[in-house]
Amino acid sequence: MSAIAYLKTHFIVHLLLGFVFVVSGLCINFVQLCTLPIWLFSKQLYRHLNCCLAYSLWSQLVLLLEWWSGTECTLFTDQATVDRFGKEHVIVILNHNYEIDFLCGWTMCERYGVLGSSKVLAKHELLYVPLIGWTWYFLEIVFCKRRWDEDRDTVTNGLQALRDYPQYMWFLLYCEGTRFTEKKHRISMEVAESKGLPKLKHHLLPRTKGFTTTVEYLRGTITAVYDVTLNFRDQETPTLLGILHGKQYHADMCIRRFSVDEIPEDEKECAAWLHKLYQEKDALQEQYAKEGTFPGQRILPRRRPWPFLNWLFWVILLLTPLFSFMLGVFASGSPILICSFLLFVGAASFCVRRLIGVTEIGKGSSYGNQEFKKRM
């Protein structure tokens with residue numbers, strides 16, 4: 001094992017990475033709070049500033065995937081579709097099978113210049129997660145409790161507010177509603193059978209309300225839907241902890257572009273269109289399982305330097321005073337100061353681990369287990 005590879009697995013290095021992310025995130029959240037008065041006289045300026053601030057935080061996570069672990073995301077699509085990336089408002093539909101599927105989506109957003117302006121229909125609980133939820137709040141992310149009677153006004157008002165968004169945005173939807181597990185899949189397919197819908201092997205039954213509502217209220221703003229089907233070579237099971245330890249993964253993403261004009265305006269027909277799309281996604285996953293590749297032209301977009309330069313800025317800004325402070329604490333010889341500092345390190349370690357836990361499949365939402373049962 002090389003020295004660099006060893007350092008990537010070391011707890012202290014992880015702690016320093018976490019320190020930079022957390023403290024920079026709190027700084028960014030504070031600046032975002034200070035931008036709120038700008039909304040009163042220039043909504044678009046406020047949005048532009050917050051896109052830049054969000055980029056400064058999210059690109060640190062992209063850096064872990066691209067630069068730290070060396071994971072590459074290979075696209076399978078056509079050049080005409082790639083030429084439109086970053087040049088139009090779109091809805092992105094991504095399967096939700098992996099702990100780092102959001103990172104793979106973000107790295108594509110970064111490479112095509114829409115990371116800061118990317119949107120998502122997020123579960124309401126994330127609003128209270130430090131850094132992630134707070135940053136999303138200032139970005140006008142649409143939060144939902146996944147109970148339509150309670151969400152109707154919040155979701156529709158949030159979507160309508162995005163119709164004049166100045167930066168090109170990719171609006172990510174996990175139409176399955178929750179991350180794939182075998183238990184959720186079994187219950188989901190029981191629901192499909194009861195409703196007379198074709199069974200899926202590699203996906204949960206899509207929940208159509210979020211998609212049909214998003215299309216309805218953003219029609220006229222969005223020009224297309226990107227269907228993204230993600231898988232990993234050699235049956236890899238990527239985790240955020242693996243990324244943090246510098247483990248390299250190999251992601252393949254099949255991307256298909258559908259003009260919004262191809263999507264029916266009627267809600268029931270739009271829902272049927274989504275069900276058909278997921279049957280096609282399932283067929284793509286089955287092909288990948290047999291052949292180890294997706295159809296389409298293989299394209300490997302180039303990595304950009306901005307995530308690394310942004311991270312380097314925060315490292316210099318935050319770690320220089322930290323190391324100076326550490327030397328002062330231990331040089332003082334004071335047991336109280338040293339114990340207080342070690343307690344701070346322990347608390348920081350706990351917080352970083354809790355943030356990582358948000359992505360873990362084993363600690364995922366029980367939403368799919370309960371909601372599917374209610375629909376039977």
Side-chain angles (χ1 to χ4, degrees), residues 1-26 56-74 98-107 110-111 131-132 230-252 300-331 338-363:
M1 179 185 292
S2 68
I4 294 178
Y6 172 75
L7 284 175
K8 288 182 179 181
T9 65
H10 205 284
F11 169 73
I12 297 299
V13 175
H14 298 165
L15 200 57
L16 291 174
L17 286 172
F19 174 81
V20 171
F21 179 74
V22 170
V23 177
S24 66
L26 292 175
S56 188
L57 185 60
W58 300 150
S59 63
Q60 294 181 53
L61 297 178
V62 171
L63 173 130
L64 287 178
L65 186 75
E66 293 185 346
W67 294 80
W68 189 258
S69 80
T71 295
E72 284 290 357
C73 295
T74 303
Y98 304 99
E99 289 185 12
I100 66 166
D101 46 30
F102 76 98
L103 269 183
C104 294
W106 275 1
T107 193
E110 198 291 317
R111 294 189 185 194
L131 309 184
I132 299 173
L230 170 68
N231 211 321
F232 287 82
R233 296 174 203 169
D234 302 320
Q235 298 182 325
E236 293 172 334
T237 53
T239 64
L240 191 54
L241 276 176
I243 293 294
L244 200 57
H245 281 80
K247 185 174 181 180
Q248 184 181 43
Y249 299 107
H250 306 85
D252 289 330
L300 186 61
R302 289 198 300 176
R303 185 173 62 181
R304 305 198 309 170
W306 312 123
F308 178 78
L309 294 175
N310 171 77
W311 176 78
L312 190 61
F313 163 78
W314 284 112
V315 165
I316 295 172
L317 182 67
L318 298 176
L319 292 190
T320 300
L322 176 66
F323 287 146
S324 177
F325 175 75
M326 287 172 55
L327 289 173
V329 167
F330 286 101
I338 293 173
C339 289
S340 298
F341 177 75
L342 292 177
L343 283 174
F344 170 77
V345 170
S349 174
F350 175 77
C351 291
V352 170
R353 188 64 187 82
R354 287 297 300 269
L355 282 173
I356 293 174
V358 172
T359 72
E360 293 179 347
I361 291 177
K363 297 181 181 179

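These numbers come from a predicted model, not from an experiment. Worth knowing before you read on, the calculation uses all heavy atoms, side chains too, and leaves out hydrogens, waters and symmetry mates.
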For this session: Could you walk me through whether Phe21 and Leu64 pass the side-chain contact (heavy atoms from CB on, under 4.5 Å) test, one step at a time?
Result: CA-CA 11 Å; Phe21 179 74; Leu64 287 178; over 6 Å; no
Exercise. Of all residues at least two apart in sequence or in a different chain, which pass the side chain to side chain donor-acceptor pair (under 3.5 Å) check with Glu236?
Worked result: His250
Exercise. With sequence neighbours excluded, what pairs up with His10 under the ring pair (Phe, Tyr, Trp, His ring centres under 6.0 Å) test?
Worked result: Tyr6
Seminar exercise, completed: Residues at least two apart in sequence or cross-chain that pass side chain to side chain contact (heavy atoms under 4.5 Å, CB included) with Thr74, listed by chain then number, are Phe76, Arg233, Asp252, Arg298, Leu300
For this session: Check for a donor-acceptor pair, side chain of His14 on one end and backbone N or O of Lys8 on the other, with a separation under 3.5 Å.
Result: yes
Pair up each side-chain donor or acceptor in residues 311-323 with any protein partner under 3.5 Å, not counting sequence neighbours, and list the distances.
unit_1, atom_1, unit_2, atom_2, d
Trp314, NE1, Ser56, OG, 2.8
Thr320, OG1, Ile316, O, 2.8

For this session: Kindly compute the distance separating CG (Leu7) from CD1 (Ile12), expressed to the nearest 0.5 Å.
Result: 11.5 Å
Problem set entry | For Arg111, salt bridge (Lys or Arg N to Asp or Glu O under 4.0 Å) partners two or more places apart | Glu66, Glu72
Exercise. Counting N and O atoms only, with roles assigned by atom type, does the side chain of Ser69 sit under 3.5 Å from a partner on the main chain of Leu65, one being a donor and the other an acceptor?
Worked result: yes
For this session: Can you sort out the partners of Arg304 under side chain to side chain contact (heavy atoms under 4.5 Å, CB included), two or more places apart, ordered by chain and number?
Result: Tyr55, Glu110, Trp306
Exercise. Is there side-chain contact between Phe308 and Arg303, with at least one heavy-atom pair below 4.5 Å?
Worked result: no
Exercise. Do the side chains of Phe232 and Cys104 get nearer than 4.5 Å, heavy atoms only?
Worked result: yes
Seminar exercise, completed: Sequence neighbours excluded, the answer for side chain to side chain contact (heavy atoms under 4.5 Å, CB included) partners of Lys247 is Tyr249
Problem set entry | Asn231/Tyr98 under side-chain contact (heavy atoms from CB on, under 4.5 Å): CA gap, chis, key distance, verdict | CA-CA 9 Å; Asn231 211 321; Tyr98 304 99; 2.8 Å; yes
Seminar exercise, completed: Rounded to the nearest 0.5 angstrom, the CH2-OG1 distance for Trp58 and Thr107 is 15.0 Å
Exercise. Going by heavy atoms in the side chains, are Ile243 and Pro238 under 4.5 Å from each other?
Worked result: no
Exercise. Rounded to the nearest 0.5 Å, how far does CD1 of Ile100 lie from CG of Leu241?
Worked result: 11.5 Å
For this session: For Leu103 and Leu240, run side-chain contact (heavy atoms from CB on, under 4.5 Å): C-alpha distance rounded to whole Å, both residues' side-chain angles, the deciding distance at 0.1 Å, then the answer.
Result: CA-CA 9 Å; Leu103 269 183; Leu240 191 54; 3.8 Å; yes
Seminar exercise, completed: Heavy atoms of Leu63 and Pro307 approach each other most closely as CD1-O, 3.6 Å
